[in-house]
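One structure is given here, and the rest of the page talks about it.
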2 protein chains.
Amino acid sequence: MRLTTKGRYAVTAMLDLAIHYEQGPITLADISQRQEISLSYLEQLFSKLRKNELVNSARGPGGGYRLSRPAEDVAVAEIIAAVDETVDATRCKRKGNCQHAERCLTHDLWCDLSDQIFDFLANISLGSLVEKKAVQDVARRQDNALPLNREDVSLKEPYVA
Amino acid sequence: MRLTTKGRYAVTAMLDLAIHYEQGPITLADISQRQEISLSYLEQLFSKLRKNELVNSARGPGGGYRLSRPAEDVAVAEIIAAVDETVDATRCKRKGNCQHAERCLTHDLWCDLSDQIFDFLANISLGSLVEKKAVQDVARRQDNALPLNREDVSLKEPYVA
DNA sequence: AATATACTTGACTAAAATGCTTGGTTTTTT
DNA sequence: AAAAAACCAAGCATTTTAGTCAAGTATATT
């Protein structure tokens, strides 16, 4: 299983989209500021998310990204798979050729673990995360810290990390 | 969760110890040949395993390493924790200060996942692995490929990777 | 039509982690 | 004494990570 900052960033960004779904297309600049992820890194991630049809994009002023499905139908496992390409704890990509042409001593153990992790993440949807109180609290804090709306963009000061 | 080759190597080496427990102290050179892990890397891993009291060492000819407890009482999670120092999927080491002084949007998700992985690995003992047929088959293959005993070391040819 | 805004692509890179290697030293047995 | 093993420390080459940067292309507003 590859579980790196990349996958975490992708899930965080997708959750941000889910939370602000009502507000129409969300720009990467907004996500960048709220979640403190560099804009160009987000661009890379969203390129993959779009190719995996997890988000739709709209160009031009007023554009941005939206979830392409209801948040309830998007599993965390899908998001990580979309950006990390693999959800696997073995070294042989489950082929069983870890030691020469054959399997190593612990091959089955890592396969079982991979299944376990995948099942866990496959059964958690963005929708279920949005409903959690802890998530809502953090989202409220982030929105208050950076209260940007399309109506009063002029009010905001430049963001400084 | 850090689940790298390091942790996999450590578990594999410990499983090798468990399988050959009857044969008295096992040298790292034996493990290195059977499991195809470099000797000096094994030394580093076993330094940590010893500090965590998972193995006992004996120096000098006829020396080597043994499990310090019955294989049934050694959880895979302990081994990985001993060499990787952490079994954690969050970026903040569970402190909840992932975003400035506060928690990030997905903090709880990664905490839950870490717990899940830890529970899985905490409930698998070396003993339960030794009993598995797949493991026994691989072990038999490895022993046949490199039939070194303390009695006929002179028979073996230099190992070539 | 001009412009602002948004997305796309690809090359590049600093820093960290990984998996070793080298070169020793001690300790114990024979 | 010689050999076999554990023990230790420093360094290193490669790969991966987590981005940045630059130069675009596309779209919507005005």
Side-chain angles (χ1 to χ4, degrees), chain A residues 1-13 17 24-33 35-51 54-66 68 80 83-86 88 91 148 150 153-154 156 161, chain B residues 1-10 12-13 17 23-33 35-52 54-66 68 80 83-86 88 91 98 148-151 153-154 156 161:
Chain A
M1 172 75 181
R2 297 160 46 76
L3 198 55
T4 66
T5 317
K6 197 178 197 172
R8 285 201 296 261
Y9 278 174
V11 174
T12 302
L17 280 193
I26 303 296
T27 67
L28 293 189
D30 284 355
I31 299 176
S32 171
Q33 292 177 18
Q35 307 307 334
E36 299 179 9
I37 305 170
S38 94
L39 179 58
S40 38
Y41 200 41
L42 279 175
E43 285 172 349
Q44 280 179 41
L45 297 178
F46 273 78
S47 169
K48 293 189 179 185
L49 294 173
R50 200 175 62 93
K51 277 169 193 151
L54 292 172
V55 296
N56 292 324
S57 61
R59 296 179 153 197
Y65 285 97
R66 310 196 74 179
S68 61
I80 293 178
V83 298
D84 265 350
E85 281 132 25
T86 166
D88 184 19
R91 77 187 310 194
L148 345 160
R150 305 217 157 267
V153 169
S154 59
K156 74 165 188 285
Chain B
M1 171 78 181
R2 297 160 46 75
L3 196 55
T4 67
T5 319
K6 197 178 199 173
R8 284 200 295 258
Y9 277 175
T12 302
L17 279 194
Q23 306 176 14
I26 303 297
T27 68
L28 293 189
D30 284 356
I31 300 177
S32 170
Q33 292 176 19
Q35 307 306 334
E36 300 178 9
I37 306 170
S38 92
L39 178 57
S40 42
Y41 200 44
L42 279 175
E43 285 175 347
Q44 287 177 36
L45 297 178
F46 273 78
S47 168
K48 294 188 177 183
L49 294 172
R50 198 174 61 94
K51 278 169 192 151
N52 283 272
L54 292 173
V55 295
N56 293 325
S57 62
R59 291 178 155 202
Y65 287 96
R66 310 197 75 181
S68 61
I80 293 178
V83 298
D84 265 352
E85 281 133 24
T86 165
D88 184 20
R91 78 185 309 192
C98 357
L148 344 162
N149 295 314
R150 307 216 157 268
E151 287 72 41
V153 170
S154 60
K156 76 165 187 284

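Scope of the values below: all heavy atoms of this structure, side chains included, with no hydrogens, waters or symmetry mates. Within every chain, numbering begins at 1; the chains are lettered A, B, ... in the order of the sequence lines, protein sequences first and strands thereafter. Remember, predicted model here, so these are calculated numbers, not experimental data.
- Residues passing the side-chain hydrogen bond (donor to acceptor under 3.5 Å, both in side chains) test with A:S68: none are found, sequence neighbours excluded.
- Between A:N56 atom CG and C:dC7 atom P there is a gap of 12 Å when expressed in whole angstrom units.
- With rounding to the nearest 0.5 Å, the separation of NZ in A:K6 from CD1 in A:I37 is 13.5 Å.
- Using a 4.5 Å heavy-atom threshold, the side chains of A:Y41 and A:T5 count as separate.
- The CD atom of B:E36 sits 15 Å away from the P atom of C:dG19 (whole-angstrom rounding).
- Closest approach of B:L42 to B:A13, counting heavy atoms only: CD2-CB, 4.0 Å.
- Applying the 4.0 Å criterion to OP1 and OP2 of D:dC8, one finds that B:R50 has a side-chain N or O inside that range.
- Ranked by how close their nearest DNA chain C nucleotide is to the 5' end, A:A58 and A:S47 are led by A:A58.
- The distance from atom CD1 of A:I31 to atom P of D:dG19 is 15 Å, rounded to the nearest whole Å.
- The NZ-C1' distance, from B:K48 to D:dC8, rounds to 14 Å in whole Å.
- Atom CD1 in A:I26 sits roughly 16 Å away from atom C1' in C:dC7 (whole-Å rounding).
- In the region residues 37-45 of chain A, proximity to DNA chain D at under 4.0 angstrom, judged on heavy atoms, holds for A:S38, A:S40, A:Y41, A:Q44.
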Show each protein N/O and nucleotides 26-30 of chain D N/O combination with a separation under 3.5 Å, one pair to a line.
| unit_1 | atom_1 | unit_2 | atom_2 | d |
| --- | --- | --- | --- | --- |
| D:dA26 | O4' | A:R59 | NH1 | 2.1 |
| D:dA26 | O3' | A:R59 | NH1 | 3.2 |

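- Atom P of nucleotide D:dA6 and atom CZ of B:R66 are separated by 14 Å, given to the nearest angstrom.
- Contact detail for B:T27 and B:G63: the closest heavy-atom pair is CG2-O, 3.6 Å.
- Regarding B:Q35, its CD atom lies at a distance of 16 Å from the P atom of C:dG19, rounded to whole Å.
- Residues B:Y9 and B:Q35 are not in side-chain contact: their nearest non-hydrogen atoms beyond the backbone lie 4.5 Å or more apart.
- Heavy atoms of A:Y65 sit under 4.0 angstrom from primed sugar atoms or phosphate atoms, though from no base atom.
- If you take NZ of B:K51 and P of D:dC7, they are 10 Å apart, rounded to a whole angstrom.
- When all heavy atoms are compared, the tightest approach of B:R50 to B:S57 is CD-OG, 3.5 Å.
- Ranked by how close their nearest DNA chain D nucleotide is to the 5' end, A:G7 and B:S57 are led by B:S57.
- Side-chain contact between A:I31 and A:F46 is present, with at least one heavy-atom pair separated by less than 4.5 Å.
- Listed nucleotides: C:dA6, D:dC8, D:dA18. Nearest to the side chain of A:K6: D:dA18.
- Nearest to the side chain of A:T5, among C:dC7, D:dA18, C:dT9, sits D:dA18.
- Put simply, the side chain of B:Q44 does not reach to within 4.5 Å of the side chain of B:S47, judged on heavy atoms.
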